[in-house]
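This report refers to the structure that appears directly beneath it.
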Amino acid sequence: MSAPDPNNIKVRFAPSPTGYLHVGGARTALFNWLFARRLGGALVLRIEDTDVARSSDEMVEGILTGLRWLGIDWDEGPFFQNQRLDLYRSVSDKLLRSGHAYYCFCTKDELEARRELARGDGRQYKYEGTCRGIVPGEALRRKDAGESCAMRFAAPQDGTTRVEDAVFGQVEFANMEIEDFVLLRSDGQPTYHLSVVCDDIDMAITHVIRGADHLSNTPKQMMIYQALAAPMPVFAHVPLILGTDKSRLSKRHGATSVMAYRDEGIVPQAFRNFLALLGWTPKASPGEKAVEIFRDQEMIAKFSLEDISRSNAVFDRAKLDWFNTEYIRAMPAAELLPLIEQEWAAARIQPDTSDRNGLCTTIDLLKARARNLHDFAVSFAAFFTDEFAIDPAAREKFLADEKVRGLLRELGQRYAGLREFDEGGAEAALRQLAADHDIKAGALINGARVALTGQAVAPSLFAVMVSLGKERTVRRLLAV
RNA sequence: GUCCCCGUCGUCUAGCCGGCCUAGGACAUCGCCCUUUCACGGCGGUAACACGGGUUCAAAUCCCGUCGGGGACGCCA
């Protein structure tokens with residue numbers, strides 16, 4: 001068990017395309033990516049599609065889309081296990097010849113019956129090694145005669161297998177707990193344990209970073225490495241992500257597919273930052289204040305397996321929303337624009353995009369108040385299109401008074417006569433009008449805000465007016 | 001059931017080779033200030049070492065047990 005060559009770091013993300021990229025998988029991918037980028041290693045993407053019946057091309061596409069959305073790129077692959085079956089067969093042959101594996105003729109039904117029996121007695125079932133004693137020649141003869149059989153690994157019956165995990169430390173398993181697991185199904189397809197180990201060896205993976213749900217499988221895989229006399233990778237199991245009730249994250253806790261978060265108006269960088277901090281806390285340099293907002297380079301520079309937590313983490317939507325707010329506020333308008341354009345498309349609004357600079361100025365004005373990308377297509381719609389709805393509650397509160405409406409129309413007329421339309425001039429004209437009619441300026445300000453934006457909440461009113469421009473401001477005031 | 005892992009504010013966590021912890025930060029929450037709305041911002045508050053035994057002058061920190069949660073026990077991955 002020699003240490004991997006530090007100059008040849010290679011990790012992999014190996015999802016199974018039986019579902020979309022979910023948040024747990026995304027975080028595993030992220031940690032692998034962060035680790036590879038930190039150490040200058042390579043990230044391999046490998047699709048584990050040996051369960052043909054449950055895998056689909058659509059899911060593969062969904063996973064790739066999810067990774068790209070998160071900004072996780074890979075250096076090799078995607079490789080598909082289904083195209084590497086020869087490798088698994090040759091390795092299983094080798095295991096068979098060296099006596100580390102044997103053919104098993106027990107049928108699924110027999111196995112199921114025995115499991116059922118054990119359950120009834122309250123015993124744990126473990127394959128009893130029924131076929132282990134069949135001499136190889138006899139087994140081969142039966143197989144050649146057409147008898148259906150699987151191939152099992154002949155697991156050591158005594159001693160212990162110790163996992164040296166980069167996050168969990170030393171974890172020991174008694175070998176007698178481990179049954180002779182299946183390597184090859186009776187249809188010749190490899191099982192997970194065989195294919196991962198074959199690929200991880202063949203692809204020269206140095207660090208296996210994966211979910212903690214695989215920790216108890218690790219001794220089985222280590223046994224295969226040992227039987228093959230192959231160098232052991234470093235294992236690093238990362239704790240799981242839980243729902244708010246501390247049970248495993250599932251649909252009933254909300255979205256589990258990462259693409260759902262794009263659809264919910266989350267900025268990918270924000271999602272990635274949030275995910276990274278779920279189970280990982282970077283070491284703060286002495287005296288440094290703990291910071292939680294990290295852009296790519298900083299996150300990569302700080303990443304380390306040692307700082308990964310051993311306890312499971314609850315997915316906290318409120319904190320994700322906070323990250324989203326922070327990112328929207330901090331990002332340059334030009335970077336936000338493409339994301340916002342997707343929101344417009346989804347909301348079927350078509351702003352005039354010929355004036356990019358003007359658009360960016362408006363986005364800069366609004367972004368401090370946004371909490372979600374949807375805001376740019378919903379509550380801020382009035383800034384980008386004339387087809388916006390007026391919030392009924394806001395209208396009721398600030399535009400119900402006919403006197404106010406009349407004054408707003410008059411304000412529109414005064415604005416129309418202004419040569420220079422800037423914040424100072426717009427404000428002065430409004431305050432003058434209020435004074436002329438002995439009404440509080442606030443009443444006109446609140447009313448104008450609703451008339452101009454359709455909302456009771458918006459940026460500073462006079463900045464809004466300038467952003468909309470004189471022509472639109474006047475038109476909306478006159479129409480009140 | 002068996003094996004493995006985990007257990008600090010509601011949440012993510014710092015601390016955990018014992019004293020510097022009257023347990024720190026962030027999110028959330030509450031209050032005040034700022035203010036043309038809302039947000040931001042500023043200031044302040046509420047809030048945790050699962051429980052029980054040890055060891056020790058001293059335990060969140062070490063040991064044991066209990067309880068709780070999670071994972072694994074498939075010809076799924």
Side-chain angles (χ1 to χ4, degrees), chain A residues 14-18 48-51 53-55 81 104 106-108 111-112 115 118-119 121-127 148-152 163 165 168-169 171-174 176-179 181-193 195-196 211-220 237 239-240 242 244-248 274 277-281 283-284 289-293 309-323 325 329 368-371 379 394 397-398 427 430-431 440-446 448-450 453 455-462:
Chain A
S16 151
T18 54
E48 311 223 319
D49 55 354
T50 53
D51 185 350
R54 295 201 298 152
S55 300
Q81 291 193 320
C104 171
C106 301
T107 65
K108 264 178 149 170
L111 258 13
E112 192 45 53
R115 241 192 294 277
R119 222 190 326 261
D121 296 355
R123 287 181 291 120
Q124 60 183 102
Y125 178 73
K126 180 185 151 197
Y127 178 69
S148 169
C149 63
M151 189 191 291
R152 285 182 186 270
V163 182
D165 193 273
F168 283 93
V171 186
E172 282 196 8
F173 296 85
M176 58 166 287
E177 297 288 337
I178 293 161
E179 68 168 6
F181 53 93
V182 172
L183 294 173
L184 238 37
R185 301 179 238 244
S186 43
D187 63 0
Q189 281 286 116
T191 61
Y192 166 72
H193 295 300
S195 56
V196 250
D213 48 343
H214 289 292
L215 186 55
S216 357
N217 289 324
T218 307
K220 291 179 187 166
H237 289 91
L240 272 19
L242 273 23
T244 39
D245 61 355
K246 307 231 178 192
S247 71
R248 198 172 191 169
F274 166 72
L277 259 20
L278 221 46
W280 171 65
T281 311
K283 273 263 171 305
K289 203 178 163 230
V291 183
E292 300 198 334
I293 304 288
S309 158
R310 280 177 299 280
S311 47
N312 294 340
V314 172
F315 187 94
D316 181 6
R317 180 56 194 258
K319 188 135 190 183
L320 203 211
D321 288 333
W322 173 75
F323 274 108
T325 308
R329 197 145 58 97
R369 284 175 173 72
R371 197 153 171 81
S379 42
K397 190 164 178 194
F398 296 116
E427 178 163 6
L430 181 141
R431 290 193 186 278
K440 286 204 297 191
L444 295 184
I445 289 173
N446 288 331
R449 181 178 302 109
V450 177
T453 69
Q455 303 285 317
V457 170
S460 171
L461 181 67
F462 304 104

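Quantities reported herein were computed from a predicted structural model and do not represent experimental measurements. Within every chain, numbering begins at 1; the chains are lettered A, B, ... in the order of the sequence lines, protein sequences first and strands thereafter.
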Taking protein heavy atoms under 4.0 Å as touching, what does nucleotides 27-37 of chain B look like 5' to 3' if B marks base contact, S marks sugar-phosphate-only contact and - marks none?
-> SS-------BB
[N] - base-pair partner by Watson-Crick or wobble geometry, distances under 3.5 Å:
N	result
B/C73	B/G1
B/U35	none
B/G44	B/C30
B/A60	none
B/C67	B/G7

Of A/R310 and A/A212, the one whose closest RNA chain B nucleotide lies more 5' |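 Upstream on the strand: A/R310.
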Could you say whether A/R152 or A/G279 is positioned toward the 5' end of RNA chain B, judged by the nucleotide with the nearest heavy atom to each?
->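 Comparing both residues, the 5'-ward one is A/G279.
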Do A/K319 and A/L277 come close enough that some side-chain heavy atom pair is under 4.5 Å?
->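 Answer no - side chains too far apart.
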Distance in angstrom units between [X] [atom1] and [N] [atom2], rounded:
X	N	atom1	atom2	answer
A/R248	B/G69	CZ	C1'	14 Å
A/I178	B/C73	CD1	C1'	10 Å
A/L215	B/C3	CG	P	16 Å

Among the nucleotides [options], which one has an atom lying closest to any side-chain atom of [X]?
X	options	result
A/T281	B/C12, B/A77, B/A14	B/A14
A/K108	B/C75, B/G70, B/U13	B/C75
A/A313	B/G70, B/U13, B/A77	B/U13

Residues forming a ring-ring contact (aromatic ring centres under 6.0 Å, His included) with A/F323, sequence neighbours excluded |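 A/F323 satisfies ring-ring contact (aromatic ring centres under 6.0 Å, His included) with no residue once adjacent residues are dropped.
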Does A/N217 get its side chain close enough to the base of B/A77, under 3.5 Å, for a donor-acceptor pair?
->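 Looking at the base of B/A77, it does pair with a donor or acceptor on the side chain of A/N217 (distance under 3.5 Å).
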Would you kindly check whether a donor in the side chain of A/S216 faces an acceptor in the base of B/C73, or vice versa, at under 3.5 angstrom?
->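 Flag unset: no donor-acceptor pair detected.
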How far, in whole Å, is B/U66 from B/A28 if one measures between their C1' atoms?
->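 Pairwise C1' distance, B/A28 against B/U66, rounds to 33 Å.
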At under 4.0 Å, does any side-chain N or O of A/R317 touch on OP1 or OP2 of B/G10?
->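 No, A/R317 has no side-chain N/O under 4.0 Å of OP1/OP2 on B/G10.
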Counting only side-chain N and O atoms of A/K283, is one of them less than 4.0 Å from OP1 or OP2 of B/G15?
->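 Checking A/K283 against B/G15: at least one side-chain N or O falls below 4.0 Å of OP1 or OP2.
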Contact class for A/L111 (heavy atom, under 4.0 Å): base, sugar-phosphate, or nothing?
->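 The residue A/L111 makes base contact.
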